[in-house]
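Everything on this sheet refers to the single structure shown next.
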Amino acid sequence: MRRLFPPNPIKTPTLFNSLRLRLNSLRSHCANSMALPPPKSAMASAVVDNEVGLARRFWIKFNRESIFAMYTPFSLCLASGNLKIETFRNYIAQDVHFLKAFAHAYELAEDCADDDDAKPVISELRKAVRQELKMHDSFVKKINVSYSFELRFALSKIKRAMQGWGLQGAKEAPINSAAVKYTDFLLATASGKVEGVKGPGKLATPFERTKVAAYTLGAMTPCMRLYAFLGKEFKALLDPNEGSHPYLKWIDNYSSESFQASAVQTEELLDKLSVSLTGEELDIIEKLYHQAMKLEIEFFSAQPLVQPTVVPLIKEHNPAEDRLVIFSDFDLTCTIVDSSAILAEIAIVTAPKSDQKSDQHQPENHIARMSSADLRNTWGLLSRQYTEEYEQCIESIVPTEKAVFDYEKLHKALEKLSDFERKANNRVTKSGVLKGLNLEDIKRAGERLILQDGCINFFQKIVKSENLNTNVHVLSYCWCGDLIRSAFSSGGLPELNVHANEFTFKESISTGDIVKKVESPINKVQSFKEILKNCSNDRKNLTVYIGDSVGDLLCLLEADIGIVIGSSSSLRRVATQFGVSFVPLFAGLVKKQKECTDGRGISFGNVIMANWGAVNRVWRVLRQQ
């Protein structure tokens, strides 16, 4: 989504006003720059911290890491329903060890708790874990009867093979290292073996004992909340038209109201036991919570799979044979503010005042400029004209009725939008508003430009990975490629290939003309194809395109994987009416996992909606496999 900005690349004077003071600071080399205030989401989270309980605050704080569990190959296969039965059996066997440790930890916490209200709640939770242990046997039994006769016959062979290997049942399987890490951590915490806490035999006061109970709940709560979260996410993707899901009982259990209530009950118990603790002790609980979350995710990641999966995409990536080509838009895909707004503000702030406009006594090669007042008025007129005509253009190319997808018809429609974009750029250059900008001002603005959270981190990981043969290309309508290069160079990414328009300069001062290279959707897709055409033929390409607007639509469809950052209303409208599907990232991966047969040459077809945080989480999955 374009974060409430209008779809035009020429921003209104209201936005210019919000940037002026920052630009003045930039020119005086002060620490303050053109950075905007924190996003509303960041300010909102600060408010949330003061309104909700301890457990909820921790979940919000570490939510990004928790969502990573969704993108593990095991979770995707389980959610899709094509997880191999032997893998699920192994998971259940390991989970039994988890549950036994949970039950024992609840028992220790109950002994330590001095609160009369807390003890029965802990006892109830412990009984629920015991009940869950009994359910685990029925999970596997349920799966056996849900398969066809042929599959049940095959499963009976697996069962006999397991017996031959000495694995008589799920509960008898040896514990793996990932499960050991968490169970040892949990039981040590429940026994009072926490840094700065007295040993289990030295808890002299009721307060010290209750503190250990709180620590124990801190190490258990994230696991309860994570399972409740995964259960609901998987449940939301069930398709009633696809028949019975082989792991429906598992999904139903963790998405059920009773389990959701148990997760809430655990969180409320943690809040209650933590009321009297000091700030330092609450910090310890936070560390325990975070450590438990990481160990639980490690457990999901450690599940061994013997089947093709859509992740990791680089599972069979051979740098000598394969090439990963990442394409990305820049304005409002990578940035928070459109680059044209930055360039416009530089022009206005550095322009002479009305009473300074006289060109007398100026050097012969001086580039004449409008006054700041005239510039502001001109930008306002250009902005309003662009907005009105853009909306009219979109209205004219969108079919009145939703059509079956036809790439050629979409391409033809976007040719009209391309003509509009070229005319708009011509108006800008003819107006003279881009005259007289100093190249150093532009570069400093790029260096201080705030990019979307997670963007730089993603590209840094891609570029620095030693296991990938990766090319990264930025395709942008931006009028000045130097602004883009400065923005990425300041983030330690000078090696990105930038394909954008360029200012012409005379002794580092812009002449007002633009070398037009990428002005439109058609230019973008032509550049996309040309870049791939110029790649050597000795490797197979896997292409990813990341964009946010109508101008990116053709590239999103040309790429093997198209990812939309945000949810632009105009993009969604145009795409939907031309028969292009949009799916959330996780749902898209699950859909492809259902279709996965060999894990190679995956083309998503649908355009995936995501954000940089989600893209980073998927990359983390790809990188760690």
Least distance between heavy atoms, Ala347 atom then Leu375 atom = O-CD1, 3.3 Å

task = Under the side-chain contact (heavy atoms from CB on, under 4.5 Å) rule, collect the residues that match up with Pro494, sequence neighbours excluded.
result = Ser489

ask   = Looking only at heavy atoms, what is the nearest atom pair of Leu475 and Cys555, with distance?
value = CD1-SG, 4.5 Å

task = Please round to the nearest 0.5 Å and tell me the distance separating atom CG of Leu83 and atom SG of Cys77.
result = 5.5 Å

Heavy-atom donor-acceptor pair, Ser465 side chain to Ile462 backbone, under 3.5 Å = no

message = Applying side-chain contact (heavy atoms from CB on, under 4.5 Å) to Phe488 and Val474, what does each step give before you reach the verdict?
response = CA-CA 10 Å; Phe488 283 117; Val474 179; 3.9 Å; yes

inquiry  = If you take the centroid of each ring, where Trp contributes its six-membered ring, are Trp612 and Phe459 closer together than 6.0 Å?
reply    = yes

task = Side-chain contact test, heavy atoms from C-beta onward, threshold under 4.5 Å: evaluate it for Leu324 versus Asn471 and give yes or no.
result = no

key: From CA spacing to verdict: salt bridge (charged side-chain N to carboxylate O under 4.0 Å, His left out), Glu267, Arg56   = CA-CA 7 Å; Glu267 290 172 329; Arg56 185 62 182 167; 5.3 Å; no

ask   = Do the non-hydrogen side-chain atoms of Pro222 and Phe58 ever get within less than 4.5 Å of each other?
value = no

inquiry  = Keeping Asp329 on the side-chain end and Ser476 on the backbone end, is there a donor-acceptor pair under 3.5 Å?
reply    = no

task = Apply ring pair (Phe, Tyr, Trp, His ring centres under 6.0 Å) to Phe300 and Tyr227, showing your working.
result = CA-CA 11 Å; Phe300 277 97; Tyr227 269 82; 5.7 Å; yes

key: Side-chain heavy-atom pair Met70, Phe229 within 4.5 angstrom cut-off   = yes

query = Considering residues at least two apart in sequence or located in another chain, which fulfil the side chain to side chain donor-acceptor pair (under 3.5 Å) criterion with Glu519?
reply = Asn425

key: Ser520 to Arg422 - nearest heavy-atom pair and separation   = OG-NH1, 3.8 Å

inquiry  = Between Arg427 (side chain only) and Tyr386 (backbone N and O only), is there a donor and an acceptor less than 3.5 Å apart?
reply    = no

Qualifying residues under side-chain contact (heavy atoms from CB on, under 4.5 Å), relative to Asn541, sequence neighbours excluded = Arg323, Val325, Leu532, Cys535, Thr543

request  = Output the distance between atom CG (Leu589) and atom OG (Ser75), rounded to the nearest 0.5 Å.
outcome  = 11.5 Å

key: Ion pair check, Arg444 and Glu447, cut-off under 4.0 Å   = no

request  = Say whether Glu530 and Gln526, considering side chains only, have a donor N or O and an acceptor N or O under 3.5 Å apart.
outcome  = no

ask   = Atom CG of Leu553 and atom CD of Glu558: how far apart are they, to the nearest 0.5 Å?
value = 10.5 Å

message = Going by the rule side chain to side chain donor-acceptor pair (under 3.5 Å), which residues pair with Glu395 if we only count those two or more places apart in sequence or in a different chain?
response = Arg573

request  = Establish, from distance only, whether the side-chain atoms of Tyr545 and Asp552 form a donor-acceptor pair under 3.5 Å.
outcome  = yes

message = Can a donor-acceptor pair be found, under 3.5 Å and without considering hydrogens, that links the side chain of Glu421 to the backbone of Lys416?
response = no

inquiry  = For Tyr254 and Glu233, which I'm curious about, is there any donor-acceptor pair between the side chains at under 3.5 Å?
reply    = no

query = Would you call Leu556 and Val580 a side-chain contact if the rule is heavy atoms closer than 4.5 Å?
reply = no

query = Could you state the interatomic distance from CZ (Phe586) to CD1 (Ile67), rounded to the nearest 0.5 Å?
reply = 10.5 Å

task = Would you give the length of the straight line joining atom NE2 of His245 to atom CG of Asp252, rounded to the nearest 0.5 angstrom?
result = 10.0 Å

ask   = Is the distance between the ring centroids of Phe68 and Phe62 less than 6.0 Å?
value = no

task = Please list all pairs passing the salt bridge (Lys or Arg N to Asp or Glu O under 4.0 Å) test where one or both residues lie in residues 485-497, with sequence neighbours left out.
result = Asp482-Arg485, Arg485-Glu502

request  = Would you check, one step at a time, whether the test side-chain contact (heavy atoms from CB on, under 4.5 Å) holds for Lys592 with Leu76?
outcome  = CA-CA 10 Å; Lys592 285 300 168 182; Leu76 284 170; over 6 Å; no

request  = Decide yes or no for Tyr477 and Pro521: does some side-chain heavy atom of the first lie under 4.5 Å from some side-chain heavy atom of the second?
outcome  = yes

ask   = Is Ser510 reaching over with its side chain to a backbone N or O of Leu434, donor-acceptor style, under 3.5 angstrom?
value = yes

query = Is a side-chain N or O of Ser66 found less than 3.5 angstrom from the main chain of Asn63, in a donor-acceptor match?
reply = yes

ask   = Does any non-hydrogen side-chain atom of Ile442 lie less than 4.5 Å from one of Ser486?
value = no

message = Taking the side chain as everything from C-beta on, heavy atoms only, tell me whether Asn377 gets closer than 4.5 Å to Leu381.
response = no

inquiry  = Are more than 12 heavy atoms, taken from residues, nucleotides or ligands other than Lys594, located less than 6.0 Å from that residue's NZ atom?
reply    = yes

ask   = Does a side chain donor of either Lys516 or Asn426 reach within less than 3.5 Å of an acceptor in the other side chain?
value = yes

query = Can you tell me if Ser255 uses its side chain to pair, donor with acceptor, with the backbone of Ile251 under 3.5 Å?
reply = yes

query = Can you name the side-chain contact (heavy atoms from CB on, under 4.5 Å) partners of Asn497, sequence neighbours left out?
reply = His473, His499

query = Leu332 versus Ser549: any side-chain heavy-atom pair under 4.5 Å?
reply = no

query = What are the two closest non-hydrogen atoms of Leu437 and Leu343, and how far apart are they?
reply = CD2-O, 3.6 Å

Ser568 and Asp548: side chain donor to acceptor below 3.5 Å = no

task = Output the distance between atom OG (Ser80) and atom CG (Leu237), rounded to the nearest 0.5 Å.
result = 10.0 Å

query = Looking only at heavy atoms, what is the nearest atom pair of Gln577 and Pro399, with distance?
reply = NE2-O, 3.1 Å

remark   = Looking only at heavy atoms, the pair that brings Val518 and Ser527 closest together is CG2-OG, 4.1 Å

message = Strictly below 4.0 Å, N to O, side chains only: are Glu388 and Arg384 in salt-bridge contact?
response = no

request  = Please determine which of Asp513, Thr429, Thr511 meets the side chain to side chain donor-acceptor pair (under 3.5 Å) test together with Thr504.
outcome  = Thr511

message = Determine whether Ile484 and Leu496 satisfy the following criterion, side-chain contact (heavy atoms from CB on, under 4.5 Å), listing intermediate values before the conclusion.
response = CA-CA 10 Å; Ile484 300 175; Leu496 299 193; over 6 Å; no

inquiry  = Let's go through Leu554 and Leu414 carefully: what are the C-alpha distance in whole Å and the side-chain angles of both, what is the deciding distance for side-chain contact (heavy atoms from CB on, under 4.5 Å) to 0.1 Å, and is it a yes or a no?
reply    = CA-CA 9 Å; Leu554 293 176; Leu414 292 180; 3.6 Å; yes

